[in-house]
Amino acid sequence: MNFQPAVPSKKLLPERLFVFELANNHMGDVAHGLRVIDEIAGATQGFPFSFAFKLQYRDLDTFIHPDFADRMDIKYIKRFSETRLDRDQTRRLVARIKSHGFLTMCTPFDETSVDRIVEDGFDILKIASCSFTDWPLLEKIGATDLPIIGSTAGIRLNDLDNVVAFMRHREKAFSLMACVAQYPTPRADLQLNQIDVLKARYADLRVGYSTHEDPSETLPVAMAIAKGASIFEKHVGVPTEKYALNTYSADPAQVRVWLETARQAFVMAGVEGERIEPSAGELKALAGLRRGVFVKRAVKAGERLRDVDVFFAIPTETASITANDWSKYNQFQATQDIPAKAAVTSENTELRQVRAKVRSIVDRVKALLDQSRGVVPGEAELEISHHYGIERFDEFGITMVTVVNRNYCKKLIVVLPGQKHPEQYHEKKEETFHVLHGVLQLELDGVKRVCGPGSVITITPGMRHAFQSETGAVFEEISSTHFVNDSFYTDPAIGQNAERKTLLRHWID
């Protein structure tokens, strides 16, 4: 799970980052703030994550209107004023955070604070939800070279798009945090599916989860991890006789439970972003439930096994070919005599795979149809005719697209360059060829003629016909109803080939 910014950046975030938000829980008492940092650091011991501590900076002398500086009846003015720290005090907190090996993060609420963050050597800059569309502040933040994380509580979709575009244009290493601005957030309001929304809409950005739920809740972080979040933020503090802890901040013991839940969730979530290879235990368990392939009759060495020759049943043997291996793309030929009811195995058969050959045929047919500018119905079935086996398809064969087959029938016939269609006739069907693309060399009752685009040729019942194309050709076959048993080849070997067709229903991408 690597951080992939929209454009290259020198400063990237760790893979699994847990952020502890100190906010104003230092209570304006630097000694208490240092204690919180130390005790939370102790709670992180033994966990395989990266950690950051986050502070908040406000230049209160400009952040608060001078006419309201003494208004202690206003909640946030009172809170911020009573918990003010000077520059030396905040730098002591920063130094203590770094002493524990943690990254330092800070949220600025004004332009002056952005300069302080840079001067104090912070590693990461955070945008609070209330400042997400504060454009003067964003301009200042965008001028730094720090990784930026933005909380998205209460942000409308068009504003999200605009800020993401703003950061992309400035080549910022930018991440988003799903977040709900309720303190604490009830379970019913957590809206964890917003992680999915952010990841789908901004696939090039890291997405995290900023939590404000009751600190005793552990299920949300596990769910966030399952949804692919990789940055996690929680308010923290230490309750004392002097300082009570608010209802959405976790104490050190709760932090440890939270981290343990996250550790277990990462283990259970497993590998992200790619399909894992099956384990030996899985393969062994599944093998016992799969049906093996058995022959209905005695088979001689050299025989090609077909659907009519086999049945599927349990139990399987060690080297058994199973029903899961049996398909029109996998052809098995006996390499030794196989008694009736015996298992078909990798030891008594040889496998020939034709999927790649079929894929090549389809690709070339589609390319020729594109050249002819023909429009093919999306639900039309593709029939690959390989009269002498698919290995000789490039020499003998055609491909047909059946558009309609009622009292009348219409097909598109594709002849690849160098292909021949062996001589045949019909007893019931009358058909007309209309050449759309390329040059077709047609032979009717032994008489040869060359047909180019626009040529129309009618073939009556009983008329022997064969055709080929050196350049490749596409033509319409318009006829009376097509009957499966109404094609007779003058070479009897073709009629003895019971598997001279491969049918594909879903071949148009």
Side-chain angles (χ1 to χ4, degrees), residues 1-5 12-21 23 40 43-44 47-54 102-103 105 107 124 126-129 132 147-155 157 160 164 173-236 247-251 253-274:
M1 192 187 306
N2 296 318
F3 179 35
Q4 298 290 333
L12 304 180
L13 298 179
E15 183 176 347
R16 295 172 179 175
L17 179 61
F18 286 77
V19 180
F20 304 115
E21 165 72 272
I40 295 298
T44 66
F47 290 102
F49 307 133
S50 296
F51 300 104
F53 240 103
K54 184 166 80 72
F102 288 0
L103 294 172
M105 184 187 303
T107 303
I124 307 166
K126 175 75 183 296
I127 303 172
S129 295
F132 197 83
I148 301 165
I149 300 174
S151 279
T152 60
I155 307 303
L157 193 58
L160 274 168
V164 169
F174 188 47
S175 303
L176 295 172
M177 301 289 277
C179 182
V180 176
Q182 290 178 255
Y183 307 88
T185 310
R187 277 189 168 191
D189 296 330
L190 287 174
Q191 298 296 335
L192 286 159
N193 286 336
Q194 291 303 300
I195 296 172
D196 301 320
V197 173
L198 295 176
K199 285 178 67 68
R201 193 172 186 87
Y202 312 110
D204 58 327
L205 302 185
R206 273 284 279 284
V207 174
Y209 174 55
S210 183
T211 163
H212 296 134
E213 66 264 15
D214 186 297
S216 63
E217 289 273 17
T218 56
L219 181 59
V221 71
M223 292 180 63
I225 288 167
K227 288 179 173 293
S230 58
I231 308 170
F232 310 90
E233 182 180 352
K234 182 180 282 293
H235 287 252
V236 296
T247 56
Y248 56 88
S249 294
D251 63 31
Q254 291 169 323
V255 164
R256 191 158 185 86
V257 173
W258 185 61
L259 293 175
E260 177 58 27
T261 301
R263 187 191 65 77
Q264 294 180 22
F266 275 118
V267 170
M268 288 186 280
V271 174
E272 182 179 355
E274 62 185 58

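In this chain, numbering begins with 1 at the start of the sequence shown. Remember, it's a predicted structure, so these values are computed and weren't measured experimentally.
Within the 4.5 Å cutoff, no side-chain heavy atoms of Leu13 are placed close to those of Leu103. A heavy-atom distance below 4.5 Å is not found between the side chains of Ile124 and Val19. Using a 4.5 Å cut-off on side-chain heavy atoms (C-beta onward), Thr211 and Val221 make no contact. The shortest side-chain heavy-atom distance between Ser50 and Glu15 does not fall under the 4.5 Å cut-off.
Between atom CG of residue Leu176 and atom OG of residue Ser210 there is a gap of 12.0 Å, rounded to the nearest 0.5 Å. Interatomic distance, CG of Leu219 versus CZ of Arg187, reported as 6.0 Å (0.5 Å rounding). A distance of 6.0 Å separates CZ in Phe132 from CD1 in Ile155, rounded to the nearest 0.5 Å. Expressed to the nearest 0.5 Å, how far NZ of Lys199 lies from CD of Gln194 amounts to 14.0 Å.
Closest approach of Ala250 and Val255 over heavy atoms only: CB-CG2, 3.9 Å. The two residues Ala181 and Ala153 come nearest to each other via the heavy atoms N-CB, 3.6 Å. Taking every heavy atom of both residues into account, Asp214 and Ser216 meet most closely at OD1-OG, 2.6 Å. Taking every heavy atom of both residues into account, Lys234 and Pro215 meet most closely at NZ-CA, 4.2 Å. Minimum interatomic distance between Ile225 and Ala265 (heavy atoms only, all atoms of both residues): CD1-CB, 3.8 Å. Closest approach of Lys227 to Asp196, counting heavy atoms only: NZ-OD2, 2.7 Å.
The aromatic ring centres of Tyr209 and Phe232 sit 6.0 Å or more apart. Aromatic ring centroids of Phe174 and Tyr202 lie 6.0 Å or more apart.
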Criterion side-chain contact (heavy atoms from CB on, under 4.5 Å) on Val236 and Gln254, from CA distance to verdict: CA-CA 9 Å; Val236 296; Gln254 291 169 323; over 6 Å; no
Using the rule given for side-chain contact (heavy atoms from CB on, under 4.5 Å), can you reason through Leu205 versus Leu198, listing the C-alpha separation, both sets of side-chain angles and the distance that settles it, and then say yes or no? CA-CA 9 Å; Leu205 302 185; Leu198 295 176; over 6 Å; no
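Ring geometry, His235 versus Tyr248: the interplanar angle exceeds 60°, so the pair is classed perpendicular (tilted spans 30 to 60°). Phe266 and Phe49 have tilted rings, their planes meeting at an angle from 30° to 60° on a 0 to 90° scale. Below 30°, between 30° and 60°, or above 60°: for Phe18 and Trp258 the angle between ring planes is above 60°, a perpendicular geometry.
For Thr185, the side chain to side chain contact (heavy atoms under 4.5 Å, CB included) partners are Val180, Gln182, Asp189, Leu190, His212, not counting sequence neighbours. Scored by the salt bridge (charged side-chain N to carboxylate O under 4.0 Å, His left out) test, Glu213 finds no partners at all (sequence neighbours excluded).
The pair Lys126-Glu233 meets the salt-bridge criterion, since a charged nitrogen lies less than 4.0 angstrom from a carboxylate oxygen.
A donor-acceptor pair under 3.5 Å is formed between the side chain of Thr152 and the backbone N or O of Met177. In this structure a side-chain-to-backbone donor-acceptor pair under 3.5 Å is missing from Gln264 to Thr261.
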